[in-house]
Protein chains: 4
Amino acid sequence: MFRIDQRNSTPIYQQLVQEVKEAILKGLLRPSERLPSVRELAVQLTINPNTIQKSYQELERQGIIENLQGKGTFVAEHYRPTKDRERLSILKDDLRRILVDAHYLGLNEDELLRMVEQLLTELKMGEDNR
Amino acid sequence: MFRIDQRNSTPIYQQLVQEVKEAILKGLLRPSERLPSVRELAVQLTINPNTIQKSYQELERQGIIENLQGKGTFVAEHYRPTKDRERLSILKDDLRRILVDAHYLGLNEDELLRMVEQLLTELKMGEDNR
Amino acid sequence: MFRIDQRNSTPIYQQLVQEVKEAILKGLLRPSERLPSVRELAVQLTINPNTIQKSYQELERQGIIENLQGKGTFVAEHYRPTKDRERLSILKDDLRRILVDAHYLGLNEDELLRMVEQLLTELKMGEDNR
Amino acid sequence: MFRIDQRNSTPIYQQLVQEVKEAILKGLLRPSERLPSVRELAVQLTINPNTIQKSYQELERQGIIENLQGKGTFVAEHYRPTKDRERLSILKDDLRRILVDAHYLGLNEDELLRMVEQLLTELKMGEDNR
DNA sequence: GTGGTCTAGACCACA
DNA sequence: GTGGTCTAGACCACG
């Protein structure tokens, strides 16, 4: 269900956060749908349960998933984007960094924009999924 | 000359690498121009010299600056983009991550593309500056 | 009759205890009045009967409701406040925590006191209801 | 420096978060002042470093403390209250719960308000501390 | 020396 | 069965 690369240097728990967000965006996970339990997923991905838990807590903090006591973890029914200024500013900085790197890797403006478009399509953004 | 934010969680040495790359892109630093010495910059930015050193080494590894023994560090005269497949793939992953985050922050496709355009203009990319 | 929020992280049984206490305070439930049976309430609130049971037990322990074998559960006729020192001390700690949090949320002393007054009015405290 | 009660059922990491917030409020910790390192505090309080870390991360998330890479953890220079509506609503619910409990413990409105006033004085709120 | 991540394993509250 | 907390101990990146 989720792809985790143990050799990737980005923390596993962040990779999982990202994977869940993408899965929801792509419609693979739907609002109110149940996520695998911490233990289940730990077994599936051969990752420590604590690591899974950290991911779930982060996703809950962002309002993307919800925990029902003793029943499990679910995709939030109504996700409300935050428009958090601070996080938007960080995002913009990250984007700037990427554009700079892209230039030094030899990508020109057109190639870059095409890459963006392709990724947006892949993620089915602009569609009705949450 | 370079903006470093100690509170930012991205490593200081990476921030500096980024700042130098941007400065060159914007034409603030021109090919063959001399960079501040490690010690100078360490004093200016009140940062550990080892950290500056690490940034310069990274930039040299990427072929963006060159060290002339005993003379100082200079912006490379002729930078050749690498087209490094591995790094391109990482860049794409980073970009995907950002697009997903943007969505969860409430940005739609249009707003995103406009942000990209704005940043590209800011960086004067598309022009002849290295 | 009682509002339960499954997404709220405070245990459901505690939420219910709270709701019952408030209902009595507001006069919605009067001394000697019968409470819904465990099963009834479990169906109404779509909650596990064991959870309801736990709430009722807690309320009985506090002397707020009484169980008459085979007849049902009733609001106690004469509630005598306990003046339990231990619980008073815990309450004070909880209150301190809230005041601190309020400060960090940007509330000043006036706004806080006004909030307290408002809540007291809402709860009709200061009146003769139990 | 910080009082932790291992027997208290509220999680240790939350107790510590609370203690730090209070210490700042009371002026025992001043903006820009360095907090004990995770390891130091772990030894002092005979608590696992991971637990301390969890507290520090929560405080950082709330913008109350800041981490400077490799240099340690510091009280934020300029704390900006969030006015987070959701958290305010939770706070109000907590406050309501306490008022109800206070009533059932036999406190009347006057006694309650006096307790609030006393706590506010203890915390030196209303003064110039941050 | 600083914090950040991860694992292994344990215990507990809740439903 | 569910997630939440805590410990012990290890490794790593950063400055």
Side-chain angles (χ1 to χ4, degrees), chain A residues 4 6 8-16 34-42 45-60 65-74, chain B residues 4 6 8-16 42 45-55 58, chain C residues 4 6 8-16 42 45-55 58, chain D residues 4 6 8-16 34-42 45-60 65-74:
Chain A
I4 298 297
Q6 301 256 25
N8 189 327
S9 68
T10 65
I12 294 175
Y13 84 95
Q14 280 180 22
Q15 289 183 45
L16 182 53
R34 192 173 180 279
L35 290 163
S37 83
V38 169
R39 289 168 171 83
E40 265 180 280
L41 203 47
L45 304 176
T46 60
I47 284 175
N48 189 291
N50 289 334
T51 307
I52 310 284
Q53 173 128 347
K54 193 166 180 181
S55 305
Y56 277 16
Q57 278 174 350
E58 173 63 18
L59 284 162
E60 188 167 14
I65 67 177
E66 287 169 342
N67 183 276
L68 299 195
Q69 308 180 28
K71 293 191 179 170
T73 306
F74 302 80
Chain B
I4 298 296
Q6 301 250 50
N8 190 325
S9 65
T10 64
I12 293 175
Y13 85 94
Q14 281 179 22
Q15 289 185 46
L16 183 52
L45 304 176
T46 60
I47 282 176
N48 191 310
N50 293 334
T51 307
I52 311 284
Q53 185 68 22
K54 195 165 179 180
S55 304
E58 174 63 18
Chain C
I4 298 296
Q6 301 249 53
N8 190 327
S9 66
T10 63
I12 292 174
Y13 85 95
Q14 280 179 23
Q15 289 184 45
L16 183 53
L45 304 176
T46 60
I47 283 176
N48 191 309
N50 293 334
T51 306
I52 311 282
Q53 184 67 22
K54 195 166 178 179
S55 305
E58 173 63 18
Chain D
I4 297 297
Q6 302 256 24
N8 189 326
S9 69
T10 65
I12 294 175
Y13 84 95
Q14 279 180 23
Q15 290 184 45
L16 183 52
R34 192 173 181 279
L35 291 164
S37 82
V38 169
R39 289 168 171 82
E40 263 181 280
L41 204 47
L45 304 176
T46 59
I47 284 174
N48 189 289
N50 290 335
T51 306
I52 310 285
Q53 172 127 350
K54 193 165 179 182
S55 305
Y56 277 16
Q57 278 174 350
E58 173 62 18
L59 285 162
E60 188 167 14
I65 67 178
E66 288 169 343
N67 183 276
L68 300 195
Q69 308 181 25
K71 293 190 179 172
T73 306
F74 302 81

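Quantities reported herein were computed from a predicted structural model and do not represent experimental measurements. Letters A, B, ... mirror the listed sequences (proteins, then strands); counts begin at 1.
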Nucleotide [N], atom [atom2] - distance to [atom1] of [X] in whole Å:
| X | N | atom1 | atom2 | result |
| --- | --- | --- | --- | --- |
| A/L41 | F/dT2 | CG | P | 12 Å |
| A/Y56 | F/dT5 | OH | C1' | 19 Å |
| A/L35 | F/dT2 | CG | P | 13 Å |
| A/I65 | F/dG3 | CD1 | P | 10 Å |
| D/Q53 | F/dA10 | CD | P | 17 Å |
| A/E66 | F/dT2 | CD | C1' | 16 Å |
| D/N67 | E/dT5 | CG | P | 11 Å |
| A/E58 | F/dG4 | CD | P | 14 Å |

- [ ] Looking only at non-hydrogen atoms, find the nearest pair between D/Y13 and D/T51 and report the distance.
- [x] CB-O, 3.8 Å
- [ ] For residues D/Q69 and D/N67, report the shortest heavy-atom separation together with the two atoms involved.
- [x]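 Shortest heavy-atom separation between D/Q69 and D/N67 comes out as N-OD1, 3.6 Å.
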TODO: Check step by step if side chain to side chain contact (heavy atoms under 4.5 Å, CB included) holds for A/Q6 and A/I47.
DONE: CA-CA 9 Å; A/Q6 301 256 25; A/I47 284 175; 4.1 Å; yes
Output the single nucleotide from [options] whose closest atom is nearest the side chain of [X].
| X | options | answer |
| --- | --- | --- |
| D/Q57 | E/dT5, F/dG4, E/dC14 | E/dT5 |
| D/N48 | F/dA8, E/dT2, E/dG4 | F/dA8 |
| A/Q6 | E/dT7, F/dT7, F/dC14 | E/dT7 |
| B/I12 | E/dT5, E/dA15, F/dG15 | F/dG15 |
| D/P11 | F/dG15, F/dC6, F/dT2 | F/dC6 |

So, does [X] get its side chain near the phosphate of [N], meaning an N or O under 4.0 Å from OP1 or OP2?
| X | N | value |
| --- | --- | --- |
| A/Y13 | E/dT5 | yes |
| A/S37 | F/dG3 | yes |
| A/T73 | F/dG3 | yes |
| A/Q69 | F/dG3 | no |
| A/T51 | E/dC6 | no |

TODO: Counting Watson-Crick and G-U wobble pairs only, both distances under 3.5 Å, name the nucleotide matched with F/dT5, or none.
DONE: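 Partner of F/dT5: E/dA10.
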TODO: Quick one: do A/L41 and A/L16 satisfy side chain to side chain contact (heavy atoms under 4.5 Å, CB included)? Show the steps, please.
DONE: CA-CA 11 Å; A/L41 203 47; A/L16 182 53; 4.1 Å; yes
Task: Quiz item: A/N50 side-chain donor-acceptor pair to E/dG9 base, under 3.5 Å - done: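 Counting by modelled atom types and ignoring angles, a donor-acceptor contact under 3.5 Å is found here.
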Open item on the list: Given the structure, check if the side chain of D/R39 and the base of E/dG3 hold any donor-acceptor pair shorter than 3.5 Å.
Closed with: yes
Task: Candidate pair A/Q57 and A/Q53, rule side chain to side chain contact (heavy atoms under 4.5 Å, CB included), full reasoning - done: CA-CA 6 Å; A/Q57 278 174 350; A/Q53 173 128 347; 3.4 Å; yes
Open item on the list: Are A/S37 and A/Y56 packed together at the side-chain level, in the sense that at least one heavy-atom pair is separated by less than 4.5 angstrom?
Closed with: no
Open item on the list: Need to verify one output field. Residue with the more 5' nearest nucleotide on DNA chain E, A/K54 or C/I47?
Closed with: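 Per heavy-atom nearest nucleotide, the more 5' residue is A/K54.
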